[in-house]
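Below is one structure, written out as structure tokens; comments come after it.
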Amino acid sequence: MTDKYEQVIELAKRRGFLWNSFELYGGTAGFYDYGPLGAMLKRRVENIWREIFVINEGYYEIESPTIGIEDVFIASGHVGGFSDPLTECQKCNEAFRADHLVGDVVDNPDTLSADDLTVVIGKHNIKCPECGGALGKVYEFNLMFKTSIGPGGKRAGYLRPETAQGMFVDFPRLLKFYRDRLPFGVTQIGKAYRNEISPRQGVIRLREFTQAEAEIFIDPRDKTHPKFSEISDIALILYSQEGQARGSSEKRTIKEAVQNGIIAHEFLGYCLARTYQFLIRVGVSPEKLRFRQHMKDEMAHYAVDCWDAEIQSDRFGWVEVVGIADRTDYDLKAHAKQSETELNVHVSYDKPVRIERFAVKPNMGILGPRFKGKAGKIANALKLLKSEDLSGEIIEVVVDGEVIQVDRGAVSFENISEEVHGETIIPHVIEPSFGIDRITYSLLEHSYFEEEAKAEEEEEEGKRIVLRLPPEVAPVQAAVLPLLTRNELINPANEIVKALRKAGILVTFDDAGTVGRRYRRNDEIGTPFSITVDYQTLEDGTVTIRDRDTMKQVRACIDGIEDNIYDLIYRGKSFDEAGRKV
RNA sequence: GCACCGAUGGUCUAGUGGCUAUGACUUUAGCCUUCCAAGCUAAUAACUCGGGUUCAAAUCCCGAUCGGUGCACCA
């Protein structure tokens with residue numbers, strides 16, 4: 001039975017949207033080429049994303065390397081956590097997660113290395129759960145592609161598994177760029193790589209894919225959004241944690257959802273709404289789009305709240321295409337620790353605050369000669385003491401597990417009153433992360449229609465395949481067709497092509513075969529408008545414009561046709577306004 | 001990575017241990033044609049790859065690759 005996926009992929013292959021990569025050499029799973037129409041479609045999707053997140057929100061785009069150094073992915077957790085310890089049965093060859101198998105005999109299997117796990121399996125005589133056969137050596141399968149930087153292979157490099165880390169790593173520079181003020185956002189559209197064990201589901205799970213991500217750094221104490229009112233009335237289909245427990249989703253406005261605590265805060269709600277607007281605009285069907293909240297155990301431990309935009313696909317069911325998470329200060333803290341660099345922001349108070357505090361001043365002139373190398377640590381420990389700790393003649397502090405006694409005379413202290421102008425905070429990160437390939441596939445699927453088309457005076461019905469892509473994402477935006485293959489019609493058609501190209505409209509010219517066949521050809525690739533030059537054109541300088549979806553036609557002047565088409569594509573001009581009815 | 005199933009022009013497909021490997025659609029060239037594909041003429045174009053069995057393999061066997069399904073995996 002052919003399902004919609006097959007139909008869409010067949011069309012995509014045949015007409016130059018999507019091709020299996022390296023087909024010449026037999027192909028490789030998990031890689032797809034975008035053909036001429038697919039690449040243009042994807043580019044238009046990306047550009048609408050830019051319009052919304054870069055231009056409208058002011059989150060500038062950066063571009064960081066697709067190869068990252070090891071430190072970056074140690075900090076992000078991908079080196080340690082992005083791999084799974086696997087072991088295979090020597091008898092039936094079934095693969096298992098080694099850490100899962102030893103869960104009953106060890107308390108903390110996550111912390112064990114592959115070698116440790118091999119030892120544990122041997123010691124406890126753990127056998128294959130399927131057939132009872134012996135288990136092989138445990139090995140780490142890391143989902144990152146590894147490479148080496150420079151000659152000698154000494155320095156490890158990894159193809160990035162997400163674009164996000166490049167933006168976290170640039171945090172100090174970005175903070176300066178945005179002149180030390182929160183909130184600010186930064187975006188990146190680019191390739192990411194994951195060496196999937198077994199990629200299936202065609203274009204849904206790729207080893208190389210395109211992400212569009214925004215990292216928005218906000219003040220953790222203020223998760224409201226200044227433009228919240230612009231979107232608060234938008235209603236989304238929400239599949240919340242409670243909804244999933246009940247097994248039903250519900251439609252709610254963003255405002256309601258935030259007020260009722262379903263969505264954690266305004267900022268996240270705002271991102272959900274903009275995501276919705278983006279997806280609808282590029283051609284996802286609203287009824288096949290929902291927002292699913294991560295369950296508590298599914299969410300990363302540091303995340304406050306996380307929502308996935310999911311699109312319904314005929315074959316694959318609900319497919320995650322966007323993840324929107326409040327990642328708190330996790331990433332910045334992790335990179336701060338790994339790089340031993342502070343990653344924070346000084347936030348000024350509206351008015352300086354006067355505070356009283358107790359200050360301990362160790363006398364380094366005494367401590368230094370006496371304690372030598374330990375003096376610094378001792379001084380820091382002393383500074384943390386409270387006034388009641390300093391009452392005796394001998395003061396005790398614990399440094400590295402050792403109790404140190406310090407003479408009272410080596411320490412002075414006082415109550416200080418000072419003005420504080422602000423404080424240092426680590427921003428929280430809101431991260432909407434888009435899978436551009438999945439979105440591009442989804443909108444092909446949602447745009448794909450087969451209909452029984454019947455010419456008015458014909459008896460027989462034929463199948464019409466039409467991609468109802470929104471005009472602004474359609475790879476080919478207009479087709480210019482002389483009604484017949486005659487020079488007197490071809491010449492004015494060429495003039496129209498020239499005018500449209502000058503206006504930045506991607507246009508094709510086609511004079512092969514009957515005009516009906518050419519309309520169908522263009523329907524199939526989603527060309528929204530066809531302009532036909534006929535004999536009346538020669539008399540009064542008008543042409544017909546045909547609408548892909550309704551197959552209706554209007555007559556309009558050649559003069560100004562480029563503005564007419566431009567307005568139809570980009571300015572939401574209705575087709576009826578484009579000319580007079582035929 | 002395992003198991004099962006599959007792989008024939010661009011697309012879909014027929015087919016058999018043996019002649020030049022079906023057919024349709026598409027495409028190209030030309031004819032025809034005054035608005036919704038498949039009217040005429042012609043042309044182009046395929047047995048996934050490697051090995052084996054055989055006089056002979058696209059066909060049988062083995063392996064690989066890719067695709068589908070199930071298991072496992074999916075930050």
Side-chain angles (χ1 to χ4, degrees), chain A residues 1-3 5-7 9-16 19-31 35 73 76-89 91-97 100 128-131 136 139 141-144 161-162 164-165 192 194-202 204-207 298 300 315 320 323 325 433 453-458 460 462-466 481-486 489 511-524 530-538 543-548 550-553 555 582:
Chain A
M1 197 190 77
T2 61
D3 62 8
Y5 176 80
E6 252 169 276
Q7 294 170 324
I9 288 294
E10 189 271 322
L11 173 69
K13 212 192 275 183
R14 191 161 44 81
R15 300 308 304 269
W19 296 322
N20 218 313
S21 296
F22 318 118
E23 222 176 0
L24 184 63
Y25 291 101
T28 301
F31 296 96
F73 299 116
S76 70
H78 286 101
V79 168
F82 206 55
S83 66
D84 297 316
L86 295 184
T87 179
E88 280 167 30
C89 173
K91 197 165 142 201
C92 69
N93 288 322
E94 195 77 30
F96 300 96
R97 285 279 296 271
H100 291 177
C128 169
E130 288 295 315
C131 72
Y139 60 93
F141 185 84
N142 194 293
L143 260 37
M144 282 193 295
E162 58 179 24
Q165 298 307 323
R194 294 176 193 180
N195 200 3
E196 299 284 353
I197 296 172
S198 168
R200 292 273 182 83
Q201 307 173 317
I204 300 294
R205 245 175 104 204
L206 296 171
R207 287 185 165 129
E298 177 184 4
R315 176 183 285 195
E320 174 196 348
S433 170
K454 190 169 53 178
E456 281 174 27
E457 281 150 37
E458 282 178 32
E460 284 180 47
K463 193 172 70 173
R464 180 171 95 115
I465 295 175
V466 53
L481 318 169
L483 185 61
L484 300 173
T485 317
R486 302 268 164 79
L489 298 178
D511 68 347
T514 65
V515 74
R517 174 192 300 232
R518 289 175 266 155
Y519 286 147
R520 293 301 166 83
R521 243 200 306 253
N522 278 292
D523 288 342
E524 224 179 35
S530 297
I531 298 157
T532 305
V533 176
D534 56 18
Y535 281 95
Q536 194 179 329
T537 308
L538 304 179
V543 290
T544 63
I545 305 174
R546 170 192 182 262
D547 177 54
R548 172 197 67 201
T550 60
M551 296 163 69
K552 281 187 184 147
Q553 289 183 306
R555 275 204 96 81
V582 175

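Source: prediction; values computed, not measured.
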Item checked: With sequence neighbours excluded, residues passing side chain to side chain contact (heavy atoms under 4.5 Å, CB included) with A/Leu538 -> A/Glu488, A/Leu489, A/Pro492, A/Tyr535
Notebook entry, point to check: Is A/Asp3 salt-bridged to A/Arg315, cutoff N-O under 4.0 Å?
Noted result: yes
Item checked: Whole-Å gap separating P (B/G1) and CG (A/Leu143) -> 14 Å
Next item on the list: Name all residues meeting the side chain to side chain contact (heavy atoms under 4.5 Å, CB included) criterion together with A/Thr532; count only those two or more places apart in sequence or in a different chain, and write none if there are none.
Entry: A/Leu481, A/Leu483, A/Val515, A/Tyr519, A/Thr544
Checklist line | Nearest-angstrom distance, C1' atom, B/U48 to B/G67 | finding: 11 Å
Next item on the list: Rounded to whole angstrom, note down the C1' distance from B/U27 over to B/C12.
Entry: 15 Å
Check: Does the base of B/C74 carry an N or O that pairs as donor and acceptor with the side chain of A/Glu196 under 3.5 Å?
Finding: no
Next item on the list: Classify the nucleic acid contact of A/Thr544 as base, sugar-phosphate or nothing, counting any heavy atom under 4.0 Å across all strands shown.
Entry: base
Item checked: Distance, rounded to the nearest Å, where A/His78 contributes NE2 and B/C74 contributes P -> 13 Å
Margin query: With rounding to the closest Å, how many angstrom separate the P atoms on B/C40 and B/A24?
Written below: 11 Å
Next item on the list: If B/U59 has a Watson-Crick or G-U wobble mate with both distances under 3.5 Å, name it; if not, just say none.
Entry: none
Checklist line | Residue list, side chain to side chain contact (heavy atoms under 4.5 Å, CB included) with A/Glu196, at least two apart or on another chain | finding: A/Arg194, A/Pro199, A/Arg205, A/Arg207
Notebook entry, point to check: Should B/U27 form a Watson-Crick or G-U wobble pair with both distances under 3.5 Å, which nucleotide is its partner?
Noted result: B/A43
Margin query: Between A/Asp534 and A/Arg555, does any NZ, NE, NH1 or NH2 come within less than 4.0 Å of an OD or OE carboxylate oxygen?
Written below: yes
Margin query: What's A/Arg205 touching, base or sugar-phosphate or nothing? Going by heavy atoms closer than 4.0 Å.
Written below: base
Notebook entry, point to check: In whole angstroms, how far is the C1' atom of B/C74 from the CD1 atom of A/Ile204?
Noted result: 13 Å
Next item on the list: Send over the distance from A/Ile465 CD1 to B/U26 P, rounded to a whole Å.
Entry: 12 Å
Next item on the list: Whole angstrom is fine here: how far is it from CG in A/Leu481 over to P in B/C36?
Entry: 13 Å
Notebook entry, point to check: Between the side chain of A/Trp19 and the main-chain N/O of A/Lys13, is any donor-acceptor distance below 3.5 Å?
Noted result: yes
Check: For atom C1', what is the distance between B/A38 and B/C61, given to the nearest Å?
Finding: 44 Å
Atom pairs under 3.5 Å: protein N/O with N/O of nucleotides 30-34 of chain B:
unit_1	atom_1	unit_2	atom_2	d
B/U33	O4	A/Thr485	N	3.4

Checklist line | Between B/U33 and B/U22 - P atom distance, rounded Å | finding: 35 Å
Check: Any donor-acceptor pair under 3.5 Å between the side chain of A/Tyr519 and the base of B/C35?
Finding: yes
Checklist line | Distance-minimising heavy-atom pair for A/Leu206 and A/Phe31 | finding: CD2-N, 4.4 Å
Notebook entry, point to check: Over how many whole Å does the gap from A/Glu6 atom CD to B/G67 atom C1' extend?
Noted result: 10 Å
Next item on the list: Check whether any side-chain N or O of A/Asn20 sits under 3.5 Å from a backbone N or O of A/Glu23 as a donor-acceptor pair, and report yes or no.
Entry: no
Margin query: In whole Å, I'd like the distance from the CG atom of A/Asp511 to the C1' atom of B/A29.
Written below: 12 Å
Margin query: Going by purine N1 to pyrimidine N3 plus the second Watson-Crick contact, or the G-U wobble pair, all under 3.5 Å, which nucleotide sits opposite B/U53?
Written below: none
Margin query: Under a 4.0 Å threshold between the charged nitrogen and the carboxylate oxygen, would A/Arg520 count as salt-bridged to A/Glu524?
Written below: no
Note to self: So that I can tick it off, tell me whether A/Asp523 and A/Arg546 are bridged by a salt bridge, with the cut-off set at under 4.0 angstrom between side-chain N and carboxylate O.
What the structure shows: yes
Checklist line | Whole angstrom value for the distance that separates P of B/U69 from CG of A/Asp3 | finding: 9 Å
Checklist line | Nucleotide paired to B/U69 in any strand shown, Watson-Crick or G-U, under 3.5 Å | finding: B/A3
Identify all pairs in which a protein N or O lies below 3.5 Å from an N or O of nucleotides 4-14 of chain B, and state each distance.
unit_1	atom_1	unit_2	atom_2	d
B/U11	O2'	A/Glu10	OE2	2.6

Margin query: Rounding to an integer number of angstrom, what distance separates B/U59 and B/G6 when you compare their P atoms?
Written below: 14 Å
Checklist line | Span that lies between the P atom of B/U8 and that of B/C71, in whole angstrom | finding: 27 Å
Item checked: Upstream residue (5' side of RNA chain B) when A/Pro161 and A/Arg521 are each assigned their closest nucleotide -> A/Arg521
Margin query: Taking the P atom in each of B/A46 and B/U11, what is the distance between them to the nearest angstrom?
Written below: 12 Å
Notebook entry, point to check: With a 3.5 Å cut-off and just heavy-atom distances, do the side chain of A/Arg546 and the base of B/C36 make a donor-acceptor pair?
Noted result: yes
Notebook entry, point to check: Mind checking what makes side chain to side chain contact (heavy atoms under 4.5 Å, CB included) contact with A/Ser76, not counting sequence neighbours?
Noted result: A/Phe73, A/His78, A/Gln165
Notebook entry, point to check: Where each residue is assigned the nucleotide of RNA chain B containing its nearest heavy atom, which of A/Asp547 and A/Arg207 is assigned the position nearer the 5′ end?
Noted result: A/Asp547
